[in-house]
Amino acid sequence: MKIRVARHAGFCSGVSRAVEAVLAETGRGVPVSILGPLVHNEAVSRYLHDRGAAIVADPEEAPGGILVIRTHGVSPAVYVQCQKLNLEVRDCTCARVRRAQRLAADLAAKQIQVLIFGDPRHPEVVGLVGWSEGRAVVLTAVQDLDRVNLEKPSALLAQTTADRAAFDKVKTAFLARAPGGQVFDTLCPETGLRQKEALQLAREADAVVVVGSATSANTRALVEICSSVKPTCRVADAGELDPEFLRGCRYVLVTAGASTPRWTIKEVVESMENEGFAVENEVTFEDGADFKAVQAGEQVTGKVVRATPDEVYVDIGYKTEALLPKNEVYLSEGETLPELFAPGDEIEVTVLKVDDQDNVTVSHKRLAKEKRWRELEQAFNEATVEKGRVKQVVSAGMVLDLGAGIEGFMPGSLVDIRYIPDFNQFAGATLPFKVIEFNREKDKVILSRKVVLEEEAARKKEEALRSLEVGSIIKGVVRRLTDFGAFVDVGGIDGLVHISELAWERVGHSRDVLKVGEEIEVKVLEVIPERERVSLSLRQAQPDPWTLALRELENGQIVKGKITRLANFGAFVELRPGVEGLVHISQIADYHIKHPSEVLHEGEETYVKILEIKPAAKRISLSIKEAGGAANPPEEAVDRSADNGNVTLGDVFGDLFEQEKSAAQAAEDTAPQEPVAKEPPVEETVDTAEAVEASGEAEAAEAAETAEAAEAAEAATAAEPAPEEEAAAEKTVEETEEIAAAEAEEEAAGKTAVEEEPEQTGDDGEQQ
């Protein structure tokens, strides 16, 4: 069977100081009186009485000499009374009670209604009401707010030993009902600390024994808290402990209120040891034995008890809590003490002074600066990443606050991978960095963010290369546009979308399709990790316009299109975005032309007839003349066809021979296995006599000339490639040349990307 004694059991620092003060006064050989019990504990009252300190209910009862004001404090009227009676006052009012008294007096002087949460019969609360000029209203529960006029300015205080949970409920209700109401947390942190510890340890125990007087408010609070989780009993001393309560318990917690002396706790523990229990943790029971002596200049470790905007209370194991002022802490701009220090945090401090009242003042920034120097030196040696806030921007770079009053300099050339024209964008920002130069003797710390970004970019690039899969559709951000395509960031690495892969239709420049910074979806075409090259396609990540167009287009249909390009062999017409067809030169007009530009112009719209659709090859043969376009030859065409003002039969019948050849080919395709040769009819479209009237030649010469023209037409037709073959050949040659040029330019661009950026020179002379 085991016993665990709570660490925060027994006298608090305020009670301990008061007891020591009374004992010191009794040794002076003059009468000593205490105005009421020093604390709510009968054992302490007997102890002090036996040493010459009498207890009186009123200053007039004092036999003279010294009158001790107890820890609970009194109203201002008592001090006036003592002065009239010529009594020497030894004020042992707790420091936290004295602060609450000053608040009550200041609020009352400003005509602010004072509300006090606590026991109206408690001497501390009685004293607080006196400091408020008797106008304070005492609240014991949330319901008491209903009898208070909260429309006028009001403020809420608390008895220092009140229950924290109950006070929080009253505070919430008060703030909800009182517009602009003020709340001052005057609760003693030591009380809350011992209550929190007791609750935590009680959950692990089989039973709890609380040592203290029934008249003690903090003792009663401990009993209520522990009873909520485990069987609990209260004893004033060892004689009240019932052995039956301990029967069957294997693990018992012993705790005590702030007014309980350590010797009483010792008696209770020894009584339990007689019942077969053993103390689990090491603990001493002599009053003051657990307080260590401290002196100025000493470095100690303590735990944060409470933090306010102006000061921090630290438990350093001394009689009193150490006070850490705001000016002894390094705070960043906008940072507050409660944000930096939380209750329970363990911190290292330096003792600045210890006064006659055992008040200890400590400093955090002296040790903090030394610790930060060690951290920066370690970061320099191990090349680890640290963070700092940009404190000042200068022409050559930036000054960073590294914490604890230490500053570092980041030259302009080490701020970023790319050229940064203005560093003001980083003002006030927290940036990662590596320490690249460290000299503590000269207070010199040189920082580099560029190194961190380079390492991060390399890591992302490696991860991106490993994660990319050919054929997958991924998202990327457009970083740069060029004549041959666009570079897209796909997670730390830039891939190239060649201009031929930007859209299904022909694109003149990448800026016609994309904008820098735009997020797009692309298809991964090729990944070459060793060359860090990624080829992407924008168009293949989008629906194929041919598939959509073939649902709307069919053979024999007449549609409207836009002429996009003219070639020697015909004209390309865009029927739908990304879908083009070819009008062979022979299908442009019903008369002979030498080049499409004689009749057509790029960019103009025209009607065309669909002659044939080849879905697999994604080719469409078109005709303008069969759609009713270019019916009559312009005079310029006739002029260009004349030779010294004469018209030859070849010029006149050139298209006729083409029609005869096409008709013959069609007949051959549709004839049976053994076709019978049949001469197709030929319509005379031009009067031969009128055509040769100017020449005056004989009929035989005309026949010879006709035969010669037919042979020339057949030879020209045989030499001229089919429209689809010409288109494919031309497009293949063009795309091959474009892709080769793009790959060469891409590789050159990758090598000279940094050279294209403007140079930026920092304080250290490096260029960016």
Any luck finding a side-chain donor-acceptor pair between Asp58 and Gln81 under 3.5 Å? yes

Mind checking the CD-CG spacing from Glu197 to Leu253? Nearest 0.5 Å is all I need. 8.0 Å

Around Glu88, counting heavy atoms of other residues, nucleotides and ligands shown, do more than 12 lie under 6.0 Å from its CD? yes

Greater than 12 external heavy atoms within 6.0 Å of Lys391's NZ: no

Does the ring of Tyr251 carry Lys2 above it, NZ/CZ under 6.0 angstrom from centre and within 45° of its axis? no

Can you find a heavy atom in the side chain of Arg70 that is under 4.5 Å from one in the side chain of Leu38? yes

Charged N-O contact under 4.0 Å between Glu25 and Arg90: yes

Looking only at heavy atoms, which two atoms of Gly36 and Ile55 are closest? And how far apart? C-CG2, 3.6 Å

Thinking salt bridges, do Arg247 and Glu244 make one under a 4.0 Å N-O criterion? yes

Does a donor on one side chain and an acceptor on the other come within less than 3.5 Å for Thr308 and Asp310? no

Any pair counted as salt bridge (charged side-chain N to carboxylate O under 4.0 Å, His left out), so long as it reaches residues 165-189, sequence neighbours left out: Asp146-Arg177, Arg164-Asp168, Arg164-Asp185, Asp168-Lys171

Step through it carefully: locate the ring centre of His364, locate the ring centre of Tyr330, and say whether they are under 6.0 Å apart. no

Partners meeting side chain to side chain donor-acceptor pair (under 3.5 Å) with Thr384 (sequence neighbours left out): none

Pick one: which of Arg220, Arg234, Glu42 meets side-chain hydrogen bond (donor to acceptor under 3.5 Å, both in side chains) with Ser213? Glu42

Is Leu139 close to Phe174 at the side-chain level, that is, under 4.5 Å between some pair of heavy atoms? no

Should the pair Phe117 and Phe167 be assigned to parallel (<30°), tilted (30 to 60°) or perpendicular (>60°) ring geometry? tilted

What verdict does the side-chain hydrogen bond (donor to acceptor under 3.5 Å, both in side chains) test give for Glu124 and Thr161, after you've listed the backbone C-alpha separation in whole Å, the side-chain angles of each residue and the deciding distance to 0.1 Å? CA-CA 9 Å; Glu124 177 189 330; Thr161 55; 4.5 Å; no

Indicate yes or no: at least one non-hydrogen side-chain atom of Tyr47 is less than 4.5 angstrom from one of Pro261. no

Under-4.0 Å salt bridge between Arg306 and Asp315: no

When you look at CZ of Arg147, are more than 12 heavy atoms from neighbouring residues, nucleotides or ligands closer to it than 6.0 Å? yes

Any luck finding a side-chain donor-acceptor pair between Ser259 and Ser216 under 3.5 Å? yes

Salt bridge or not between Glu386 and Arg372? Use side-chain N to carboxylate O under 4.0 Å. yes

What are the two closest non-hydrogen atoms of Ala104 and Leu128, and how far apart are they? CB-O, 4.0 Å

